[in-house]
Amino acid sequence: MSCAPSSRAGRRQRVQGGDGDMELGALHTGLQVAPVLAAMKRGARLVNVGRGPLVDEQALVDALAQGRLAGAALDVFTHEPLPSESPLWEMPGVIISPHTAGEVTDWRADLGELFLDNLLRRREGRPLRNVVDKALGYVVDG
């Protein structure tokens with residue numbers, strides 16, 4: 001399976017699989033993952049460090065249990081923390097992290113610099129950086 005790159009998160013993307021191309025849209029929530037999982041090469045691994053609702057967890061569990069996927073690395077889930085009764089905890093080949101994939105050294109200093117820069121921009125009437133598009137739910141332009 002291959003996914004054409006996009007310069008902006010949330011744009012429609014084409015996925016090529018065994019049954020031809022599939023178009024993906026709304027890549028932050030609501031993705032119908034079952035057809036994507038079915039199009040993935042047998043033995044592939046799924047990684048989700050984006051948004052929990054992006055992956056239908058039951059479809060993922062099914063794909064793992066049936067051996068279509070070799071594993072998954074998951075940092076986000078539909079319900080966090082991942083419920084203790086989730087079968088993902090015990091499935092071989094599954095790596096679960098505590099929603100910390102985005103943690104980087106010195107992020108607080110970077111956040112402080114962004115805040116101060118935006119404060120100056122606001123005072124000067126210039127556009128702000130890193131503004132969340134409330135309709136999309138994420139930053140469109142950095």
Side-chain angles (χ1 to χ4, degrees), residues 1-123 126-142:
M1 179 177 91
S2 65
C3 188
S6 172
S7 62
R8 238 183 213 183
R11 280 193 177 170
R12 293 196 158 313
Q13 297 187 15
R14 281 225 157 295
V15 174
Q16 295 175 331
D19 296 330
D21 291 355
M22 286 182 284
E23 189 169 286
L24 304 181
L27 294 178
H28 289 275
T29 60
L31 175 67
Q32 295 301 312
V33 77
V36 174
L37 295 175
M40 292 175 73
K41 180 180 175 183
R42 188 169 194 80
R45 289 170 172 78
L46 177 94
V47 177
N48 186 11
V49 295
R51 300 286 189 266
L54 178 65
V55 173
D56 175 341
E57 290 169 13
Q58 187 57 55
L60 175 59
V61 166
D62 294 344
L64 289 162
Q66 294 165 8
R68 293 193 322 263
L69 291 182
L74 306 167
D75 187 58
V76 292
F77 304 94
T78 302
H79 301 285
E80 293 187 2
L82 182 64
S84 60
E85 64 274 5
S86 171
L88 290 168
W89 286 110
E90 302 299 325
M91 298 191 89
V94 174
I95 299 169
I96 296 174
S97 61
H99 199 152
T100 57
E103 292 291 322
V104 293
T105 305
D106 298 326
W107 69 270
R108 287 187 173 126
D110 293 342
L111 183 61
E113 288 175 22
L114 175 65
F115 174 81
L116 291 175
D117 183 45
N118 273 343
L119 179 62
L120 291 174
R121 286 169 176 263
R122 177 77 163 199
R123 287 178 144 177
R126 294 186 295 138
L128 302 179
R129 292 176 39 217
N130 230 34
V131 176
V132 172
D133 181 316
K134 291 179 180 70
L136 296 173
Y138 55 88
V139 176
V140 177
D141 295 313

For Val131, check side chain to side chain contact (heavy atoms under 4.5 Å, CB included) against everything at least two apart and list the hits. Leu128
One should read off an interatomic distance between Asp75 CG and Ile95 CD1, to the nearest 0.5 angstrom, of 11.5 Å
Nearest 0.5 Å please: distance from the CG atom of Leu88 over to the CG atom of Leu64. 7.0 Å
Donor-acceptor contacts under 3.5 Å from residues 113-121 side chains, at least two apart:
residue, atom, partner, partner atom, Å
Asp117, OD2, Arg121, NE, 2.9
Asp117, OD2, Arg129, NH1, 2.8
Asn118, OD1, Arg129, N, 2.8
Asn118, ND2, Arg129, O, 3.0
Arg121, NH1, Pro127, O, 2.9

Could you state the interatomic distance from CG (Leu60) to CE (Met91), rounded to the nearest 0.5 Å? 7.5 Å
Between Asp56 and Ala59, is there a donor-acceptor pair closer than 3.5 Å when you use the side chain of the first and the backbone of the second? yes
By side chain to side chain contact (heavy atoms under 4.5 Å, CB included), Ala44 pairs with (sequence neighbours left out) Met40, Leu69
Show, in sequence, the C-alpha distance, side-chain angles and deciding distance for Leu82 and Glu57, and conclude whether the side chain to side chain contact (heavy atoms under 4.5 Å, CB included) test is met. CA-CA 10 Å; Leu82 182 64; Glu57 290 169 13; 3.9 Å; yes
Holding to side chain to side chain contact (heavy atoms under 4.5 Å, CB included), I want the full list of residues that pass it with Val76, two or more places apart in sequence or in another chain. Asn48, Glu80, His99
Backbone N/O of Pro83 and side chain of Trp89: donor-acceptor pair under 3.5 Å: yes
Counting only heavy atoms from other residues, nucleotides and ligands, does the tally under 6.0 Å from CZ of Arg126 exceed 12? yes
Under the rule for side-chain hydrogen bond (donor to acceptor under 3.5 Å, both in side chains), what residues qualify as partners of Arg45, not counting sequence neighbours? none
Heavy-atom pair of closest approach, residues Ala70 and Gly43: CB-O, 3.1 Å
When every non-hydrogen atom of Val55 is compared with those of Thr78, the smallest separation belongs to O-OG1, 4.0 Å
